Protein chains: 2
Amino acid sequence: MKMTYTIVELRDYLKRHDIKPSTIRIKVLEYLLNNRIHPTADDIYQSLINDIPTLSKTSVYNTLELFMKKGVVNALSLKEKELRYDINTYFHGHFRCEICGNVYDFPVSEKIIAVEELKGFVIRNVDINVYGICKKCNEKIKNKEEK
Amino acid sequence: MKMTYTIVELRDYLKRHDIKPSTIRIKVLEYLLNNRIHPTADDIYQSLINDIPTLSKTSVYNTLELFMKKGVVNALSLKEKELRYDINTYFHGHFRCEICGNVYDFPVSEKIIAVEELKGFVIRNVDINVYGICKKCNEKIKNKEEK
DNA sequence: ATTTAATTTTGTATTAATTTCAATTTTATT
DNA sequence: AATAAAATTGAAATTAATACAAAATTAAAT
Ligand SMILES: [Mn+2]
Ligand SMILES: [Mn+2]
Ligand SMILES: [Zn+2]
Ligand SMILES: [Zn+2]
C-alpha cells in the first residue's frame, strides 16, 4: 500500500468533515485514500485486521456509515451482494467488469438528467452504473480467439 | 388491477420470449404488465397469493430469474435491500423518491456513455438511478411550509 | 389409456451481508 | 482520581436471496 498521507493530513481531512479522528477512522480513511478500488466493507476489514487485531467488522460498518453521513464516501450499489464504497465523491460514472470484477471510473455530464420529466423533482444523488467487459479482459478474449 | 391482457396474449408474449407458459409464469407476467410500479419479488408474491394459495416465494424468484435470462424483465438495484423488477426493458432512467418510495421512469439518451474512457469496453447494461424527492412529495412539503 | 420421462413447483434449510444492541473499552471533562 | 461521554466490540438477530430434494404437474412414449 502506498503511503501517501501523513497522520496529520488524515486527521485534518476528518476534522474538515466534522468527524472526530479516532484511530480506526484514520485507518479506514487512509485505506480508502490509498486504495481507490471501490472496496467492500470486508475488503477494508481484511486489510486492517493485521494492523488492528482487535478490530471488529461492526466498527468498519459504523465508520462507513458515519463517513457516508458526513459526505466522505458514497456507497455503490452495483448488482452485487456487497456494497462498495468510494472516497471520490465527485460526480462520475462506474463500469463494472463481469469478468475481472474491477470497477472503473469514467466521466459523465451531470446534465443528462436535465429532462422535462424530472422538472419539480429534487435531485439528491445520481448513479450511473455500467456493466460489461473491460478493455483488458476483452483484449485477452480476442487474443485467445486468434490462436 | 386493470385487466388488459387476455390469456392468449400472455401465452404468446411468453412464447415469443422462448418461455413455456405455465400458470404461474402467466400470472407473474400479467401482474408485471398491469402493475408498472417496479415491484419487488415480495410485492408480486403478496399480490398473487390470493389467486394461487399454494404459491411459494421460490416460484416467484424462479420465474423472475427465468424472465431475466430471457430478457422479459430487468432487475433494478436501487440502494434498497430488495431488488425491483421492470417489465419495460427499453432503455430509460429511474428516479426513486426518498419520501413516498415510488420509482419513476424518465428518458435518457444512451449516448451519455460514449466517452473516451470506455473505448474498447464492451457495454452490456447501463443503469441510471436518481434519488431525491418527487414532485408530488415536494409540493406537499411546500404547502406545509406556507401554512 | 397407462406408463414413463421431463418439467415445474413447493417447502425447508442454508447463506451471508448488514443491523441491532448491550457490554466493554477508550477518551475527554471536572 | 472520579465521572461522563464517546467509541468499539462481540454476539445475536434480521432478512433477501439461494440451494436443493421431494412432490406435483405436464408432456411424451408405449
Ligand atoms: Mn468511483
Ligand atoms: Mn422503469
Ligand atoms: Zn475485466
Ligand atoms: Zn414521493
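For clarity, every value in this text was computed on a predicted model and none was experimentally measured.
One interatomic measurement links the two molecules: CD1 of A:I52 to P of C:dT26, which rounds to 13 Å at whole-angstrom precision. In this structure, A:Y45 atom OH and D:dT8 atom P are separated by 15 Å, rounded to whole Å. One can place CG of B:D43 at 15 Å from C1' of D:dA17, the figure rounded to the nearest angstrom. Atom C1' of nucleotide D:dA19 and atom OH of B:Y61 are separated by 14 Å, given to the nearest angstrom. We find that CZ of B:F67 is positioned 12 Å from P of C:dT8, with the value rounded to whole Å. As rounded to whole Å, 15 Å separates atom C1' of D:dT18 from atom CD of B:E82. Look at CD1 on B:I19: it is 10 Å from P on C:dT8, rounded to the nearest Å. Between the CG atom of A:N62 and the P atom of C:dT26 there is a distance of 17 Å, rounded to whole Å.
Ring-centre distance between A:F106 and B:F121: not below the 6.0 Å cut-off.
Out of D:dT9, C:dA17, C:dT9, the shortest distance to the side chain of B:S22 is found at C:dT9. When the nucleotides D:dA7, C:dT18, C:dT10 are ranked by their closest atom to the side chain of A:R25, D:dA7 comes out on top. Nearest nucleotide to the side chain of B:I24, out of D:dA11, C:dT9, D:dT8: C:dT9. Side-chain proximity of B:S59 to C:dA17, C:dT18, C:dT10: nearest is C:dT10.
At distances below 3.5 Å, at least one donor-acceptor pair connects side-chain atoms of B:R25 with backbone N or O atoms of B:K20.
Note on B:T54: only backbone sugar-phosphate atoms sit closer than 4.0 angstrom, heavy atoms only; bases stay farther off. A:D42 comes within 4.0 angstrom of no nucleic acid atom, judged by non-hydrogen atoms across all strands. Residue A:T58 is classed as a base contact, given a heavy-atom separation below 4.0 Å to a base. Residue A:K20 is in sugar-phosphate contact alone, with no base atom involved, counting any heavy-atom pair closer than 4.0 Å across all strands shown.
When the nearest nucleotides of DNA chain D are assigned to B:T23 and B:K81 by heavy-atom distance, the more 5′-ward of the two goes with B:K81.
Contact of the B:V103 side chain with the B:F95 side chain is not registered, since no non-hydrogen atoms from C-beta on lie closer than 4.5 Å.
Each of A:I37, A:D43, A:I44 was evaluated against A:T40; a single residue qualifies, A:D43, per the side chain to side chain contact (heavy atoms under 4.5 Å, CB included) test. No option in A:L48, A:L29, A:T54, A:L55 other than A:L55 meets the side chain to side chain contact (heavy atoms under 4.5 Å, CB included) test with A:I24.
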